[in-house]
Amino acid sequence: MFGTGVPAVGLAVLVVLGFAIATTVNTFAMEAAVLFVPAFLFVFPALVPGFPHLAVNAAVGLALFVELFGYSSSVAAYWYRHQIDFNVAARLLAITVPVAAVARVGSYFVPSNALMLGFGGLLVTLAVVLYEAHEHGPSLVDAVAEKPELSVLAVLDADYEPRTRVLSDTHDAAETPPSDHMGGAADSPSQRGSGDAVVGDGGDPADFHLELPDVLVTVLGGTLAGLVGIAIGELTQAMLTLRRRVPLKLSTGTSALVLHVTIVAALITNLALLRFVPSITGEGFTVPFGVGIFVATGCLFGGQAGAYLNNRLSESTVMRMLIGVYFLVGVFVVVRTLFLGGAAH
């Protein structure tokens, strides 16, 4: 129906499944590809009549396409609430966009099972790290930060001014998220001002500069976004909040914009490869974007439902459920790949 090869009942199921998954990921504030990639590979073919069996890269490409709708809405909301620092985002995107594009090309040279094992292993690792930090106090990052010689933390100057509007150089003080402040003096010898700039002119201590640890984290995030479509949001958020001491509300909006634009770059690269360089993909134009439209329709409503639920659950509850979802999905993907042959090739 509608040129998708899926009957009307199947299209209705696509909308319902899109709604359910989008509600889940927005409730727990996780990246959509965490659930959509394994769902497109293993769940949708079983539950939706006529849904094609996809190769891993096709599933990742379709997940990137579906994510585009949800992230566009959320980024617009963050922009409206002055929660995006465009100065910081521009510095990060100058790295993540080309890295994600290259990684998306490189993903076609990586065996499908290796991609899925990396995907599942990354989710399990994230679950363990989050559990240790949430349940057992100081994390590995905190322990390392106690060693001043490692210079793990680089707090922003107290005079740093975020740019929360694209065409304005500074922001009004009233736009700063309530009860938060930017940067500040170091709280301990392990913290220091950001002075060893790698990206930035280094002349103004109140400006935002990327140092080597920031660059490495950003490159890793862009690489993972291009390969399997996840982790860029979590890594960017952690780097800005923990290492640079950017207020949580501002780092959340900024990370959302970085994630959104990086995902768009990976998606455009995927489209270009499928359309113009089928010899690299070995698949031709096989990502079923037609069915993706119906999944995205469910996502539009699921995003609102997830935001509603998220506001009514305690932070502790959301964190525990997030850890559980990461761990269960990661284990499922690893076991499915190792013992049941993985996805289609």
Side-chain angles (χ1 to χ4, degrees), residues 1-26 30-74 104 107-108 112 115-116 119 225-230 259-260 263-278 280-306 329 332-333 336-337 340-345:
M1 192 172 184
F2 300 111
T4 63
V6 178
V9 173
L11 294 179
V13 175
L14 286 177
V15 175
V16 172
L17 289 176
F19 173 82
I21 294 176
T23 300
T24 302
V25 298
N26 282 279
M30 66 171 62
E31 292 188 39
V34 168
L35 292 185
F36 273 117
V37 170
F40 287 146
L41 289 172
F42 309 123
V43 178
F44 280 63
L47 298 181
V48 180
F51 191 90
H53 289 273
L54 302 177
V56 173
N57 273 305
V60 173
L62 187 57
L64 295 176
F65 174 72
V66 170
E67 286 178 324
L68 180 63
F69 290 83
Y71 292 145
S72 296
S73 176
S74 64
R104 189 88 279 269
S107 69
Y108 283 95
S112 295
L115 281 176
M116 292 310 298
F119 181 91
L227 288 175
V228 292
I230 63 172
L259 185 156
H260 178 63
I263 289 301
V264 170
L267 176 60
I268 292 175
T269 303
N270 206 118
L271 288 172
L273 287 174
L274 292 171
R275 178 65 178 84
F276 299 109
V277 199
I280 291 180
T281 65
E283 301 166 3
F285 204 84
T286 57
V287 178
F289 294 109
V291 299
I293 291 292
F294 290 89
V295 179
T297 301
C299 290
L300 293 177
F301 296 97
Q304 299 300 316
V329 173
F332 169 77
V333 170
R336 177 70 171 74
T337 302
L340 297 179
H345 293 268

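Just so it is clear, the values below take in all heavy atoms, side chains as well, and ignore hydrogens, waters and symmetry mates.
Between the side chain of Glu67 and the main chain of Ile263, no donor-acceptor pair closer than 3.5 Å is present.
When all heavy atoms of Pro49 and Pro7 are compared, the closest pair comes out as O-CD, 3.3 Å. The heavy-atom pair separating Ala32 from Val25 by the smallest distance is CA-CG1, 4.0 Å. Heavy atoms only, all atoms of each residue included: Ala33 and Ile230 are closest at CB-CG2, 3.6 Å. For Val333 against Thr337, the heavy-atom pair with the smallest separation is O-OG1, 2.7 Å. Shortest non-hydrogen contact noted between Ser112 and Val56 is CB-CG2, 3.7 Å. The nearest pair of heavy atoms linking Phe65 to Gly292 is CE2-C, 3.8 Å.
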Test log, rule side-chain contact (heavy atoms from CB on, under 4.5 Å), inputs Leu115 and Val228: CA-CA 7 Å; Leu115 281 176; Val228 292; 4.2 Å; yes

With side-chain contact (heavy atoms from CB on, under 4.5 Å) as the criterion, how do Val15 and Leu11 come out once you've worked through the C-alpha distance, each side chain's angles and the decisive distance to 0.1 Å? CA-CA 6 Å; Val15 175; Leu11 294 179; 5.9 Å; no

Please report the C-alpha distance between Leu64 and Arg104 in whole Å, then the side-chain angles of each, then the deciding distance to 0.1 Å, and finally whether the side-chain contact (heavy atoms from CB on, under 4.5 Å) criterion is met. CA-CA 11 Å; Leu64 295 176; Arg104 189 88 279 269; 4.1 Å; yes

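Contact annotation: the side chain of Pro38 approaches that of Val329 to within less than 4.5 Å [non-hydrogen atoms, C-beta and beyond]. The shortest side-chain heavy-atom distance between Val66 and Cys299 falls under the 4.5 Å cut-off.
Note that CG of Leu62 and CZ of Phe36 are 8.5 Å apart. Values are rounded to the nearest 0.5 Å. Atoms CZ and NE2, from Phe40 and His53 in turn, are 14.5 Å apart once rounded to the nearest 0.5 Å. Between the CG atom in Leu47 and the CZ atom in Phe42 there is a gap of 13.5 Å [rounded to 0.5 Å]. Here Leu35 contributes atom CG and Leu17 contributes atom CG; the two are 11.5 Å apart, rounded to the nearest 0.5 Å. Rounded to the nearest 0.5 Å, atoms CD1 (Ile293) and CG (Leu14) are 11.5 Å apart.
Within a 6.0 Å radius of CZ in Phe301, other residues, nucleotides and ligands contribute 12 heavy atoms or fewer.
Two rings, from Phe51 and Phe44, have their centers less than 6.0 Å apart.
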